[in-house]
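Written below as structure tokens is the structure these notes are about.
Counting starts at 1 for both ligands and their atoms, in listed order.
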Amino acid sequence: MSNPHHPPAVGVLDQGPELTFPPGFLWGAATAAYQIEGAATEGGRTPSIWDTFSHTEGRVVAGHTGDVACDHYHRMPDDVRLMAEMGLKSYRFSVAWPRVQPNGSGPANQQGLDFYRRLVDELLGHGIEPWLTLYHWDLPQPLEDAGGWPARDTAARFADYAQLVADALGDRVKYWTTLNEPWCSAFLGYGSGAHAPGRSDGADAVRAGHHLMLGHGLAVQALRASRPQAQLGITVNLYPVTPATDAPADVDAARRIDGLANRFFLDPVLRGSYPADLTADLREVTDFGHVHDGDLAVISSPLDLVGINYYSRHVVAAPVEGAEPEPYWRAPSCWPGSEDVRFVTRGVPVTDMDWEIDAPGLVETLRRVHEEYTDLPLYVTENGSAFVDAVVDGRVDDVDRLAYFDAHLRAAHEAISAGVPLRGYFAWSLMDNFEWAWGYTKRFGMIWIDYDTQARIPKSSARWYAEVIRRNGLAAQ
Ligand code: FCB
């Protein structure tokens, strides 16, 4: 369990001294293919599980889809120009698997690869380091039809796809993330069904989690062999998990949720084993027969860095009689074997996602990974917040988002001061986009998107972040 000390419920910090980050700190912003590209049927792209899911009635708020999204596929050079104006040092994007290998197996689609080559060249031309994520949730539909991530073969398909992208872009992309947030792919996709493909079976979720990591390990081995200069990593979404009280039953609930949310991925990838308490908790769900000899050695193939997405903390308690089941990531079906654990809200300030704002949790998370797991360089590959924005006189003054970034950057600096080798930070997100099951109703961007006209308006947070990058740190407040 990560933190038995019940940290105070701290929200946005609003004061602080000037802070300078280490030289060369990689300041970036992140997006993902399905959330911004649009052009869903152009250039040889075929459906992914997210096309199918978003086109299924009742799955995404208001029936929104990624068909057009931010139309980034057509506006890419303008978007890169906006990044350059902000002074971004790096841009983290994802490649849409069904754009570059439409069936999820077989030959590459050159038109799809060409789009990413143009993007990478445009970035390099502006002095922006491309950071490529291979899998941000858009599994080609034919692979889902063949069983999806609960099927072992999907891991091999992923490694082939990784090789194909490395062949095309490995000469110019240095930083590679295999998977984005395998917890979400496995437990939201196959556990609660809140995300594509919308299946709900605890054993499938656990199998999916394993095969995602196996695909990661196989991809790392393939990339390492063909592109020895590449910096390879994975991105996991981590949460400090805190018991609501000192009561042993609450402490045990925190142990269980920490196991499923964090250690399920950290231990295999960084230690080459599943935690014994986790496999015991899951005894009723699966016998782990899907774990073959040698898998964990593949999964723990050496990395060059670890990417961490941080948004919030989980506070949990033992079950109480009559508690109402909650939706989304609090849904019991996301937590196989621990369905009766209760998520507690503390009444601290929340974002528009209802996620509690907890900047100290970022310090805890970074320190934990460094102190308990690895000396590898760490990167915050996502951190950010949704708030309700409005255009007033042509401007978007997103003070809440700006304060969120400020508080979390202060936390990042604190972690560095405590000895964490944190080498970069990517704000989520460069621009407003398709927020998965929430469609366009949640805005995370530093750049406002008018979805009717596709006009872009850099918000106050974008101007503020540009200044952070320029001074390599935060001004005193
Ligand atoms: C993360 C996802 C990202 C975005 C943010 C808000 O879980 O990786 O695509 O949706 O949450």
Donor-acceptor contacts, no H, no angles, side chain residues 183-192, under 3.5 Å, sequence neighbours left out:
{"from": "Y190", "atom 1": "OH", "to": "E144", "atom 2": "OE1", "distance (Å)": "2.7"}
{"from": "Y190", "atom 1": "OH", "to": "W149", "atom 2": "N", "distance (Å)": "3.1"}
{"from": "S192", "atom 1": "OG", "to": "A194", "atom 2": "N", "distance (Å)": "3.1"}

Evaluate the side-chain proximity of L88 to H126: yes if any heavy-atom separation is below 4.5 Å, no if none is.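 No; the side chains remain at least 4.5 Å from each other.
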Give every residue pair that meets the salt bridge (Lys or Arg N to Asp or Glu O under 4.0 Å) criterion with at least one member in residues 58-76, sequence neighbours excluded.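 Non-adjacent pairs meeting salt bridge (Lys or Arg N to Asp or Glu O under 4.0 Å): D71-R75.
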Centre-to-centre under 6.0 Å for Y379 and Y425, is that the case here?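 No, too far apart.
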Show me a pair-per-line table, with atom names and distances to 0.1 Å, of protein N or O atoms that are under 3.5 Å from an N or O of ligand 1.
{"from": "ligand 1", "atom 1": "7 (O)", "to": "E181", "atom 2": "OE1", "distance (Å)": "2.4"}
{"from": "ligand 1", "atom 1": "7 (O)", "to": "E181", "atom 2": "OE2", "distance (Å)": "3.0"}
{"from": "ligand 1", "atom 1": "8 (O)", "to": "H136", "atom 2": "NE2", "distance (Å)": "3.2"}
{"from": "ligand 1", "atom 1": "8 (O)", "to": "N180", "atom 2": "ND2", "distance (Å)": "2.9"}
{"from": "ligand 1", "atom 1": "8 (O)", "to": "E181", "atom 2": "OE1", "distance (Å)": "3.4"}
{"from": "ligand 1", "atom 1": "8 (O)", "to": "E181", "atom 2": "OE2", "distance (Å)": "3.4"}
{"from": "ligand 1", "atom 1": "8 (O)", "to": "E382", "atom 2": "OE1", "distance (Å)": "3.1"}
{"from": "ligand 1", "atom 1": "8 (O)", "to": "E382", "atom 2": "OE2", "distance (Å)": "3.0"}
{"from": "ligand 1", "atom 1": "9 (O)", "to": "Q35", "atom 2": "OE1", "distance (Å)": "2.7"}
{"from": "ligand 1", "atom 1": "9 (O)", "to": "H136", "atom 2": "NE2", "distance (Å)": "2.8"}
{"from": "ligand 1", "atom 1": "9 (O)", "to": "W436", "atom 2": "NE1", "distance (Å)": "3.0"}
{"from": "ligand 1", "atom 1": "10 (O)", "to": "Q35", "atom 2": "NE2", "distance (Å)": "3.4"}
{"from": "ligand 1", "atom 1": "10 (O)", "to": "E435", "atom 2": "OE1", "distance (Å)": "2.6"}
{"from": "ligand 1", "atom 1": "10 (O)", "to": "E435", "atom 2": "OE2", "distance (Å)": "3.2"}
{"from": "ligand 1", "atom 1": "10 (O)", "to": "W436", "atom 2": "NE1", "distance (Å)": "2.9"}

Using side chain to side chain donor-acceptor pair (under 3.5 Å) as the criterion, list what pairs up with H136, not counting sequence neighbours.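 With neighbours one apart ignored, the set is N180.
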Between Q454 and H74: side-chain donor-acceptor atoms closer than 3.5 Å: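 The answer is no; no qualifying pair exists.
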